[in-house]
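Here is the structure we will look at.
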Amino acid sequence: MTEKAVPVIVIGVPVRYAHTHYGISAYSDFDNAVKLACEILKRLDEEQVMSF
């Protein structure tokens with residue numbers, strides 16, 4: 001994909017003990033992050049993607 005941009009978004013989920021072998025987060029935070037990602041994908045169209 002030379003000379004082409006790829007739009008990217010980061011959805012962060014708060015996690016405790018992130019710098020250990022395990023991380024703990026609230027299931028509601030994870031669930032809401034998934035819902036947010038789904039809504040973003042539903043609303044994207046080709047024109048928006050190509051504007052990046």
Self-check item: Residue pairs involving residues 18-40 (criterion ring-ring contact (aromatic ring centres under 6.0 Å, His included); sequence neighbours excluded)
Solution: Y27-F30
Self-check item: Distance in Å, L41 CG paired with E39 CD, rounded so as to fall on 0.5 Å steps
Solution: 9.5 Å
Quiz item: Quick one: salt bridge (Lys or Arg N to Asp or Glu O under 4.0 Å) pairs with a partner in residues 8-34, sequence neighbours left out?
Solution: D31-K35
Practice problem: For residues R43 and Q48, report the shortest heavy-atom separation together with the two atoms involved. | Solution: O-OE1, 3.0 Å
Quiz prompt | For S25 against P14, the heavy-atom pair lying closest together | solution = CB-O, 3.1 Å
Exercise. Kindly determine whether V15 and I24 satisfy side chain to side chain contact (heavy atoms under 4.5 Å, CB included), including the steps that lead there.
Key: CA-CA 5 Å; V15 177; I24 298 173; 5.7 Å; no
